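This report refers to the structure that appears directly beneath it.
What you see is a predicted model, and the numbers here were worked out from it, not measured in a lab. Residue numbers begin at 1 in each chain, while the letters A, B, ... track the order of the sequences.
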Number of protein chains: 2
Amino acid sequence: MKEPLEVFSDYLSRKNLKMTPQRRLILDIFLREKGHLASEDLYTIVKRFDKSIGQATVYRTLKLLSESGLAKEVKFGDGVTRYEQKYGNSHHDHIICEECGKALSVVDEKIEELQERLAEEHGFVLTGHEMYLYGLCADCRRKKGGH
Amino acid sequence: MKEPLEVFSDYLSRKNLKMTPQRRLILDIFLREKGHLASEDLYTIVKRFDKSIGQATVYRTLKLLSESGLAKEVKFGDGVTRYEQKYGNSHHDHIICEECGKALSVVDEKIEELQERLAEEHGFVLTGHEMYLYGLCADCRRKKGGH
DNA sequence: GTGCCTGCAAATAATTTGCAGCAGT
DNA sequence: ACTGCTGCAAATTATTTGCAGGCAC
């Protein structure tokens with residue numbers, strides 16, 4: 001598979017946009033940090049490498065990364081947009097612990113299939129979907145129970 | 001089943017809060033208008049009946065309605081919080097047309113079951129979930145195809 | 001050299017909060 | 001009477017945008 005940096009470069013030149021040191025740095029750190037990062041989180045980390053970078057640049061670059069297919073926006077319902085890596089066309093959903101905020105990525109082929117069918121039954125052709133499962137993780141249940 | 005107004009009154013007195021004309025009016029209109037209403041939508045409608053009502057009151061009342069179990073917050077990912085009616089403990093998910101914004105409420109027992117199981121497999125006990133299917137509705141496909 | 005890019009600060013958008021007077025219970 | 005409630009405006013939060021100078025192509 002093509003390297004992320006190449007994917008991004010290709011995307012940029014296709015759109016007559018430019019590869020800059022800031023964009024390279026943000027992509028780099030975005031790839032290094034696994035998980036679900038808010039723009040602000042990324043900004044904090046990126047700033048350690050380039051004191052002079054601006055928040056807006058991080059916001060703008062994350063948007064570009066989404067458009068290039070390298071990142072995907074996810075919204076956990078707390079008003080903060082997070083971004084996660086997305087190689088090729090991998091897809092997954094989320095289980096979020098309501099106690100500690102831990103978020104796992106999961107997929108269930110059977111569910112995906114049923115979603116497709118459900119949409120069809122209502123006359124829709126699916127283009128995408130989001131599923132968030134909220135609950136208590138094993139750790140938090142133990143802590144709560146143990147008390 | 002108990003009347004919504006009674007449910008709300010009970011909730012309020014249980015919390016040492018008060019039933020006011022504004023709250024009664026907002027509940028009334030919320031029940032009348034089926035669908036997924038943003039606070040601002042409701043505010044616009046409510047204003048036709050009471051010119052002097054403030055936005056903040058609508059926001060605050062919708063929050064109370066959620067807490068009382070009569071309403072449920074839904075977020076379609078466009079940064080606007082919407083509210084839908086929720087009698088008893090009815091639950092459903094959403095299919096949203098990316099073209100015209102139309103939103104349908106749906107349930108699929110089989111999916112619900114698999115979600116439960118999926119969470120379990122990852123050590124979670126589910127407390128709730130949200131599922132949003134995005135796609136194109138039949139109408140919009142026709143319009144697009146016809147062009 | 002041209003047009004995109006950057007950091008900054010100001011602008012938005014949705015929602016929340018502080019406050020002084022008003023009103024349910 | 002005692003608190004909670006209301007409308008208003010100001011505050012917050014997350015994100016976007018305008019701009020003047022700088023840099024990639």
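- The aromatic rings of B/Tyr132 and B/Phe76 lie perpendicular to each other, with more than 60° between the two planes, well past the 30° mark.
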TODO: Begin from the C-alpha positions of B/Arg82 and B/Val80 and carry the test side chain to side chain contact (heavy atoms under 4.5 Å, CB included) through to its verdict.
DONE: CA-CA 6 Å; B/Arg82 271 163 252 265; B/Val80 183; 3.9 Å; yes
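- Nucleotide C/dA14 holds its P atom 14 Å from the OH atom of B/Tyr43, rounded to whole Å.
- Between the side chains of B/Glu84 and B/His92, at least one donor-acceptor pair of N or O atoms lies under 3.5 Å.
- The interatomic distance linking A/Lys75 (NZ) with D/dT13 (C1') rounds to 14 Å, in whole Å.
- Following rounding to the nearest Å, B/Leu25 (CG) and D/dG7 (P) show an atom-to-atom distance of 10 Å.
- The interatomic distance linking A/Phe76 (CZ) with D/dA14 (P) rounds to 15 Å, in whole Å.
- The hydrophobic cluster containing A/Leu104, built from Ile/Leu/Val/Met/Phe/Trp/Tyr side-chain heavy atoms closer than 4.5 Å, also comprises A/Ile95, A/Val106, A/Ile111, A/Leu114, A/Leu118, A/Phe124, A/Leu126, A/Met131, A/Leu133, B/Ile95, B/Leu104, B/Val106, B/Ile111, B/Leu114, B/Leu118, B/Phe124, B/Leu126, B/Met131, B/Leu133.
- Backbone-only engagement by A/Ser52 is indicated by non-hydrogen atom pairs under 4.0 Å involving sugar-phosphate atoms exclusively.
- Taking atom CG of B/Leu64 as the reference point, atom P of C/dT16 lies 12 Å away to the nearest angstrom.
- Summarising the geometry, the separation between CG on B/Leu12 and P on C/dT25 is reported as 9 Å, rounded to the nearest angstrom.
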TODO: For side chain to side chain contact (heavy atoms under 4.5 Å, CB included), just list the numbers for B/Ile26 and B/Val58, CA-CA rounded to whole Å, side-chain angles, deciding distance to a tenth of an Å, and then say yes or no.
DONE: CA-CA 7 Å; B/Ile26 291 167; B/Val58 178; 4.0 Å; yes
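- Rounded to whole angstrom, the span from the CD1 atom of B/Ile53 across to the P atom of D/dG7 amounts to 5 Å.
- The environment of B/Glu3 atom CD is sparse: at most 12 non-hydrogen atoms of other residues, nucleotides or ligands sit within 6.0 angstrom.
- Rounded to an integer number of Å, the gap from CG of B/Asp78 to C1' of D/dA14 is 14 Å.
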Open item on the list: I need a per-nucleotide contact map over nucleotides 15-25 of chain D, read 5' to 3'. Cutoff is protein heavy atoms under 4.0 Å; write B for the base, S for backbone only, - otherwise.
Closed with: BBBB-----BS
